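Computed from a predicted model, the values in this text were never measured in an experiment. Residues take their numbers from the sequence shown, with the count starting at 1.
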Amino acid sequence: MHERERWQVIKALLRERSLVRIADACRATGASEASIRRDFASLAEQGVAIRVHGGLETLSDATNAQGDVLSLATRSFDVSQTLNIDAKRAIAKAAVALCADGETIIINGGTTTYQMGEYLRERHLKVLTNSYPLAEVLIHKSKCRVALPGGEVYREQGMIVSPFEEDAIQHYSATRMFMSAISIGPLGVIEGDPLLARAESKLLKRANKLTVLADSSKFNQRGSLVVCPLSRIHTLITDADAPGAALDMLREQGIHVVVATGADAIAAA
């Protein structure tokens, strides 16, 4: 099968599912793993999809009859939830350990922050979140009080996002915000979608301290929108595979770095 024929097969697979793994494409095309890796790289360069660990992922871009975009141009919640899950759980547990009962916190939507729900079940906190999967967990399986912002529901990302500056959260005040992002680098916390970046910026204004939850994959530069500079971050929680140079850079900026070393232990650096 020629290269362009393989591309057509891979594009067809992407239309059927959000994530196409190397093994899936090998079976469908009969090509070698090396050939499929090159195909994935070429399709990513063309903007057809984005490369993820072990596969190729399409970006959601559903439209209504008027042509308005209905989905955020970010990875779907279901796909992201399968990536680096052990690291995300360890990071989430370390994040919850920072909370004190009775505290008011904000938790931004994301698959790493979503994992906090498991460890918040026996805690007594007031939680504002724009993640409706997390809100559902906390409402039905925790003792936390839960508040949701107004806005439109984005099903693929499991988030509630409002395009308006004035909404219910302007009267909210929290001691700490927990936030995940598409990447983190010298310029700060980075996102890839304008609506999502705007929503995070609005939530951040309502919190005294910011804690960023970022597994090791988030230190690869992606996205182009700076949500906030490094100076706004109080604490960053990551996993043991995070690049040492990046962590040293964050420490030099005065950020408290916590490395989650497993499901039952954390180490502060």
_Restricting to non-hydrogen atoms, name the atom on Leu210 and the atom on Arg232 that form the minimum distance, rounded to 0.1 Å._
CB-O, 3.6 Å
*Could you grab the distance from atom CG of Asp215 to atom OG1 of Thr238, nearest 0.5 Å is fine?*
6.5 Å
_From CA spacing to verdict: side chain to side chain contact (heavy atoms under 4.5 Å, CB included), Leu56, Leu19_ = CA-CA 6 Å; Leu56 192 69; Leu19 176 67; 5.9 Å; no
*Okay, side chain of Asp39, backbone of Trp7: is any donor-acceptor separation there less than 3.5 Å?*
no
*Distance-only donor-acceptor check, side chains Ser35 and Arg38, under 3.5 Å*: yes
_Side-chain touch Ile107/Leu120, heavy atoms, less than 4.5 angstrom_ = yes
*Nearest 0.5 Å, what's the CG-OG1 distance between Leu134 and Thr129?*
4.5 Å
_Close side-chain approach of Val212 and Lys218, heavy atoms under 4.5 Å_ = no
*Using atom types as modelled and distance alone, determine if a side-chain donor or acceptor of Arg123 lies under 3.5 Å from a backbone N or O of Val96.*
yes
*asked:* What's the separation between atom CZ in Phe178 and atom CG in Leu213, rounded to the nearest 0.5 Å?
replied: 7.5 Å
_hydrophobic_cluster_shared for Ile22 and Leu43, side chain cutoff 4.5 Å_ = yes
*Minimum heavy-atom distance between His234 and Arg176, given as atom pair plus value*: ND1-NH1, 4.2 Å
*Residue pair Ala207 / Met177: nearest heavy atoms and the distance that separates them*: CB-CB, 3.6 Å
*For Gly110 and Ser180, which heavy atoms make the closest approach, and how far apart are they?*
CA-OG, 3.6 Å
*Salt bridge check: are Arg89 and Asp86 linked by an N-O gap of less than 4.0 Å?*
no
*Do any N or O atoms from the side chain of Asp239 and from the backbone of Ser216 form a donor-acceptor pair under 3.5 angstrom?*
yes
*Decide yes or no for Ile255 and Thr235: does some side-chain heavy atom of the first lie under 4.5 Å from some side-chain heavy atom of the second?*
no
*Inter-residue atom distance Ile169.CD1 - Leu128.CG, 0.5 Å rounding*: 6.5 Å
_Nearest 0.5 angstrom please: Cys26 SG to Arg21 CZ, how far?_
13.5 Å
_Validation row: Glu5, Val9 side chains within 4.5 angstrom (heavy atoms)_ = no
*Find the distance between OG1 (Thr175) and CG (Asn208) and round it off to the nearest 0.5 Å.*
6.5 Å
*Applying the 4.5 Å side-chain criterion to the ILVMFWY set and letting contacts propagate, would Leu225 and Val227 be lumped into a single cluster?*
no
*What are the two closest non-hydrogen atoms of Tyr172 and Arg206, and how far apart are they?*
O-NE, 3.0 Å
*Any side-chain heavy atom of Met249 within less than 4.5 Å of one from Leu230?*
yes
_Is any side-chain heavy atom of Ile184 closer than 4.5 Å to one of Ile233?_
yes
*Side chains of Thr211 and His256 in contact at under 4.5 Å (non-hydrogen atoms)*: no
*Determine, step by step, whether Thr104 and Arg145 satisfy the side chain to side chain contact (heavy atoms under 4.5 Å, CB included) criterion, reporting the C-alpha distance in whole Å, the side-chain angles of both residues, the deciding distance to 0.1 Å, and the verdict.*
CA-CA 9 Å; Thr104 300; Arg145 292 178 60 183; over 6 Å; no
*So does Glu136 have more than 12 non-hydrogen atoms from other groups sitting under 6.0 Å from CD?*
no
*Those residues that, when tested against Lys143, pass side-chain contact (heavy atoms from CB on, under 4.5 Å) (two or more places apart)*: Glu122, His124
_Pairwise side-chain contact, Val137 with Ser142, heavy-atom cut-off 4.5 Å (strictly under)_ = no
*Among Thr112, Val189, Thr113, Ile106, which one satisfies side-chain contact (heavy atoms from CB on, under 4.5 Å) with Met179?*
Val189
_Testing the basics here: between Phe219 and Ala214, what is the closest heavy-atom pair and its distance to 0.1 Å?_
CE1-O, 4.1 Å
